[in-house]
Amino acid sequence: MFCLPFAESPTEAMTQGKTVEYIDQGRFICAVCLEEKGGRLHLLTTTHREVNVAAKRVLLISRKPLIDPSRPREELVTRLRQVEEERDRLKDQVGVHELWELIHDENESFDYAYLAELSFGQGVTDDHISGLVRALFEDKLHFKLKDGSFLPNTAERIEETLRQREEESRTERILSCGSEWLRRRLGGEPAEDSECADEAVRLLRELTLYDSDSPDYKHARELLSRAGYSDPRVARQLLVRLGIWDPDEDLEILRLGVRTEFDESLLASCGSMTCEIAPSASREDLRHLEAFTIDGPSTRDFDDALSLEVRDGVMEVGVHIADVASLVPPGSPVDREAQQRGASLYLPRRQIPMIPPELSQDTLSLRRGCDRPAISLIFRMSPNGEVLEHRFTPSLIQVKRQLTYEEVNHRYKEDPVLREMHRLATAFQQRRIEGGALVLSAPEMSIRVDDDGKVFLHPFDQDTPARILVAEFMILYNWLSARFCRDRGVPILYRGQDEPSERLNIVEMDPLFYVFMQRRKLQPMVIDMDPSPHSGLGLEAYTNATSPIRRYLDLVVQRQIRKSLLEEPPVYDEEGLEKVRMAVEASLKDLNSVRRKRTRYWLQKYLQQNRARHQEAMVLWSTRSKHRLLLTEPLMFAELKRKNGHELEPGCRIRVAVEKSDPWEDILNLSLVIEEERDSSA
């Protein structure tokens, strides 16, 4: 018996009546050649099938004819089966591993006959050679079939193959019992949790989060198929039905791996941290000031407070920022965790703080009646909003009042302190506007979701007295912080913004339309270690330092200011600042994505729950195929397909009907409500 590489095609006389073996769909096929013609063999197999096989596919041909091919077919098949039984018997006698041990160090290929002699001894027959080839081929571990010979695999290759086989076996076990577990659980039958159940859940989670980018996408699809589901999008619904996920699970947080919990050891360390509260030569005692905070009703982490004092007939304003840097040293466990998070994340139904609540809502927070360290800015201002003199100081303060925005809006005219501070804030704002600042505030949307998942929207205006008061004094603090560091040569991260590509005229357009169109003309904000003008705020230098409890880069700036006030070397040089910026910006990008997508999810759900209501929309701009809209109630961007006969001008307000709103897929289909339809529905 010999291998036929078929460098030359065999003649009819060479092949007719001989035993031929080839591989079909991973199985050895034993046949007798009835005829050879034009490079193709006409064969009869052990199953009575007649097939035509290209000569190059043949693996083995016997040296002598098996039987006269003209004999009756039944006789041919019977003889062929006898040969195959003998070859299978000999196959089982081959010690594949022992054979590999004998020759694997030689690093060369071996022909079939030589290997058969090593296995069976001298005088091997066609059947011995076939048994050898069958054994090595079925083993698929120790040898590789290549160009008519066998090449021993390396020990490393064998080890890797065994690992792959073990993993394939484990995968098959998981798919089998995992799909059965799914069917039973979803069918309301008892089903014990196990490793297979855990792996099934993992596959469904990854499929939902990453779709075709999931590392085990094929396995997840196979799991669903075996459980009786063909659509991969059903995976999320199954996880909800299994009680693994909430019906409104925040997938973006899971997809991006946003840190939501604090390690137990970190929380334990927070309990031993106490605030530095004793006044000293380096910390000015300002507890006599009538300091107050202004925040939303649900706020628990108070990081800024205000005060107004008349001293020698002159009014001094105080802006006090919680001195987080005094308690959270660089490189500490709390600091490392805060840097990885980048900022606090506030979402409907969920808050994810940057610093553990034990600190952010208690020890560090400017809570009413508690002595707290701060970095205070004390300044005097002229009636037209010009800062006449100012100073920064490490301080000790005590908040006397904790007000809400709503309370300030109702009381500021009657409260002399609030009234005066509002007047100073608006004067400073006007001074910024004269310096080129753009006031582009639009209503913002507060989203509330009840226990039943019903969504309620509560718009709030950014131009209320309370919000102007807080915003302007925070801007002032950040501006003077930037100047303080610039003038002292303290390295910090500045915020700058170039001039917009165009300044629009608000007089000529709808105020809301103006805001969103002017925002399109703004240049991106830049973070740099060199101070530059911030055109949007109308200031020559700017940084962020007013939220060290909620934003890590604010804490970094505060550390630099604090060290300078204490006349100590800065915590960070420029190289250190750049490393921090690069580390934090990636986290901030993820948080912004979560915030944006989660807000849109709830707005989509609101539209879904209120599909029967027509929505007012403002046309922002148009392309050949669609109009870009702003839905004015939820303050949400949307698109409307253009149709012939309906030309919509930018800035005009229209009514649209919600045809479909799918918050999970972020699909929003709208249709234009024309006047006739509106009249008839009315």
Side-chain angles (χ1 to χ4, degrees), residues 186 204-205 208-209 233-256 258 260 295-300 344-353 357 404-406 409 442-462 464 467 512 591-618 629-640 653-671 673 677-678 681-682:
L186 296 171
L204 293 178
R205 283 169 56 95
T208 304
L209 295 176
R233 291 175 297 182
V234 78
R236 180 191 64 80
Q237 301 170 20
L238 298 184
L239 289 168
V240 173
R241 289 176 58 188
L242 290 168
I244 306 298
W245 279 353
D246 182 89
D248 295 303
E249 191 75 29
D250 192 337
L251 302 190
E252 195 68 8
I253 282 181
L254 300 175
R255 188 176 291 115
L256 296 173
V258 174
T260 60
D295 288 279
S298 62
T299 300
R300 297 293 179 269
S344 296
L345 182 60
Y346 300 94
L347 303 170
R349 302 178 74 178
R350 189 172 197 178
Q351 295 184 3
I352 304 174
T404 66
Y405 290 110
E406 196 65 25
N409 288 335
E444 292 194 7
M445 192 60 61
S446 172
I447 302 172
R448 183 176 66 83
V449 186
D450 68 14
D451 294 339
D452 297 325
K454 187 170 178 59
V455 183
F456 299 90
L457 303 184
H458 302 279
F460 57 88
D461 197 341
Q462 293 294 304
T464 64
R467 293 188 179 275
L512 187 62
L591 295 183
N592 288 333
S593 176
V594 171
R595 186 181 298 109
R596 182 179 64 257
K597 292 184 178 181
R598 199 57 181 166
T599 298
R600 189 168 179 86
Y601 171 88
W602 289 114
L603 294 178
Q604 282 268 43
K605 191 158 189 178
Y606 172 82
L607 294 175
Q608 184 186 64
Q609 294 172 353
N610 295 273
R611 275 188 59 193
R613 290 171 48 192
H614 292 165
Q615 295 288 326
E616 182 186 71
M618 174 184 289
L629 308 179
L630 174 71
L631 302 182
T632 57
E633 181 189 11
L635 291 174
M636 173 184 175
F637 293 114
E639 292 179 350
L640 175 68
R653 300 203 180 210
I654 60 175
R655 304 289 289 179
V656 293
V658 178
E659 303 293 341
K660 179 180 180 180
S661 179
D662 184 341
W664 285 107
E665 301 295 331
D666 191 18
I667 297 173
L668 179 59
N669 296 335
L670 304 174
S671 62
V673 179
E677 292 175 346
R678 292 169 58 183
S681 63

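All values reported here derive from a predicted model rather than from experimental measurement.
- In this structure, the side chains of K605 and Q609 come closer than 4.5 Å at one or more pairs of heavy atoms.
- In terms of heavy atoms, R653 sits closest to T632 at NH1-CG2, 3.9 Å.
- Here the CG atom belonging to L347 is positioned 13.5 Å from the NZ atom belonging to K597, to the nearest 0.5 angstrom.
- Side chains of L603 and L457 form a contact here, defined as non-hydrogen atoms less than 4.5 Å apart.
- By the 4.0 Å N-to-carboxylate-O rule, D666 lies close enough to R600 to be salt-bridged with it.
- With hydrogens and angles left out, the side-chain atoms of E252 and Y601 include no donor and acceptor closer than 3.5 Å.
- Remark: L256 CG to L591 CG distance equals 9.0 Å, nearest 0.5 Å.
- Between D295 and T404, every side-chain heavy-atom pair lies at or beyond the 4.5 Å cut-off.
- Note that CZ of R598 is 8.5 Å distant from CZ of R350, once rounded to the nearest 0.5 Å.
- Summarising the geometry, atom CD belonging to Q462 is positioned 4.0 Å from atom CD belonging to E444; distances are rounded to the nearest 0.5 Å.
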What verdict does the side chain to side chain contact (heavy atoms under 4.5 Å, CB included) test give for D248 and R349, after you've listed the backbone C-alpha separation in whole Å, the side-chain angles of each residue and the deciding distance to 0.1 Å?
CA-CA 10 Å; D248 295 303; R349 302 178 74 178; 3.6 Å; yes

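- The shortest heavy-atom contact between Q608 and P663 is NE2-CD, 3.5 Å.
- Annotation: side chain of T208 is in contact with side chain of W245 (closest heavy-atom distance under 4.5 Å).
- For the pair P443/L512, a side-chain contact is recorded, criterion being any heavy-atom separation below 4.5 Å from C-beta on.
- Counting only heavy atoms from C-beta outward, the side chains of L242 and L186 approach each other to under 4.5 Å.
- Here the side chain of D450 pairs a donor or acceptor atom with the backbone of D452 at under 3.5 angstrom.
- Using a 4.5 Å heavy-atom cutoff, the side chains of L204 and I244 are not in contact.
- Closest approach of W664 and P247 over heavy atoms only: CZ2-O, 2.9 Å.
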For the pair D246 and V240, evaluate side chain to side chain contact (heavy atoms under 4.5 Å, CB included) and give the outcome as yes or no after the intermediate values.
CA-CA 6 Å; D246 182 89; V240 173; over 6 Å; no

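- Side-chain contact check for F637 versus L630: some heavy-atom pair is nearer than 4.5 Å.
- Here the CG atom belonging to L629 is positioned 5.5 Å from the CG atom belonging to L640, to the nearest 0.5 angstrom.
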Stepwise, does the side chain to side chain contact (heavy atoms under 4.5 Å, CB included) test hold for R655 with E616?
CA-CA 5 Å; R655 304 289 289 179; E616 182 186 71; 3.4 Å; yes

For a side chain to side chain contact (heavy atoms under 4.5 Å, CB included) check, start with the C-alpha distance between M445 and M636, then their side-chain angles and the critical distance, and finish with the verdict.
CA-CA 10 Å; M445 192 60 61; M636 173 184 175; over 6 Å; no

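- Scanning both residues, S671 and E659, for their nearest heavy atoms gives OG-OE2, 2.5 Å.
- Across every non-hydrogen atom of V658 and Q615, the tightest pair is CG2-CG, 4.2 Å.
- Heavy atoms only, all atoms of each residue included: A657 and H614 are closest at CB-CD2, 3.9 Å.
- I352 pairs with exactly one of D250, L345, V594 by the side chain to side chain contact (heavy atoms under 4.5 Å, CB included) rule, that one being L345.
- A salt bridge is absent between R233 and E665; no separation between the charged side-chain nitrogens and carboxylate oxygens falls under 4.0 Å.
- Here the straight-line distance linking atom CG of D662 with atom CG of L607 works out to 12.0 Å at 0.5 Å rounding.
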